[in-house]
Amino acid sequence: MRHTTRTAVTLCAALGLTAAVGSASAVPAASPPTARAAAARQASPPVLVDCLWHAKMRPGDFILACGDGNSRLVSLHWDSWGSNSARATGVNVVNDCDPYCAAGTFHPYAVVVKLDRPQPWKKNPQVQHYSRMTLTYLGARPEQFARVVTYPLWN
């Protein structure tokens with residue numbers, strides 16, 4: 001009986017050791033924190049940072065003139081949102097500030113919005129944010145604007 005118990009304990013120990021060694025070799029080595037952070041940045045598409053420093057993905061609207069709200073994007077429909085760029089169509093609503101901004105009238109202009117140049121976000125360096133926005137006016141546009149306007153985005 002003692003011999004049978006010893007054999008059973010030895011077999012269980014051997015099987016446990018084999019399972020531990022086998023599963024240990026199947027587990028990849030842990031990557032250093034910087035490699036994990038870089039992988040996380042690559043895995044998540046960049047965000048668009050708004051005036052209040054909130055990270056947004058595919059927002060329906062976006063204020064361009066943070067100080068006074070006299071230019072904003074509305075009715076945004078995103079065709080793509082990727083690791084290098086994003087593209088939407090929408091409307092840029094711009095105040096003509098005539099005779100002055102408080103008494104001005106807002107006018108809608110159809111635009112294509114392109115976001116690009118992802119960079120680490122200063123508030124959270126593990127997160128990439130788009131750092132440039134290009135607006136292409138599809139028809140009418142504000143008098144003082146070119147057909148294509150490029151803005152650096154805050155971060």
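Since the model is a prediction, treat every value here as computed from it, not as a measurement.
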Atom pair [atom1]/[atom2] of [X] and [Y] - distance to nearest 0.5 Å:
X      : Y      : atom1 : atom2 : value
Met133 : Tyr151 : CE    : OH    : 9.0 Å
Cys101 : Phe106 : SG    : CZ    : 8.5 Å
Lys114 : Thr136 : NZ    : OG1   : 9.0 Å
Arg132 : Gln119 : CZ    : CD    : 10.5 Å
Gln126 : Gln128 : CD    : CD    : 10.5 Å
Ser75  : Asp61  : OG    : CG    : 8.5 Å

Taking the side chain as every heavy atom from C-beta outward, state whether [X] and [Y] have any atom pair closer than 4.5 Å.
X      : Y      : result
Asn92  : Pro108 : no
Trp78  : Thr89  : no
Phe62  : Asp50  : yes
Leu153 : Leu48  : yes
Arg117 : Tyr130 : no
Val111 : Val91  : no
Pro46  : Trp121 : no
Arg87  : Asp79  : yes

Do the side chains of [X] and [Y] join up, straight or via other hydrophobic residues, at under 4.5 Å, putting them in one cluster?
X      : Y      : value
Leu76  : Trp81  : yes
Leu138 : Val148 : no
Tyr137 : Val113 : yes
Met57  : Leu73  : yes

Query raised in the report: Just wondering, more than 12 heavy atoms not from Ile63 lying within 6.0 Å of its CD1?
Result: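 No, the 6.0 Å shell around CD1 holds no more than 12 heavy atoms from other groups.
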Report task. Decide side-chain hydrogen bond (donor to acceptor under 3.5 Å, both in side chains) for Thr105 and Asn95; before the verdict, give the C-alpha distance in whole Å, the side-chain angles of both, and the deciding distance to 0.1 Å. Result -> CA-CA 5 Å; Thr105 303; Asn95 189 346; over 6 Å; no
Minimum heavy-atom separation for [X] and [Y], please, with both atom names.
X      : Y      : answer
Pro118 : Asn84  : CD-O, 3.6 Å
Pro120 : His129 : O-CD2, 3.7 Å
Lys123 : Trp53  : NZ-O, 3.2 Å

Query raised in the report: Please walk me through it: do Cys97 and Asn70 pass side chain to side chain contact (heavy atoms under 4.5 Å, CB included)?
Result: CA-CA 8 Å; Cys97 292; Asn70 283 323; 4.1 Å; yes
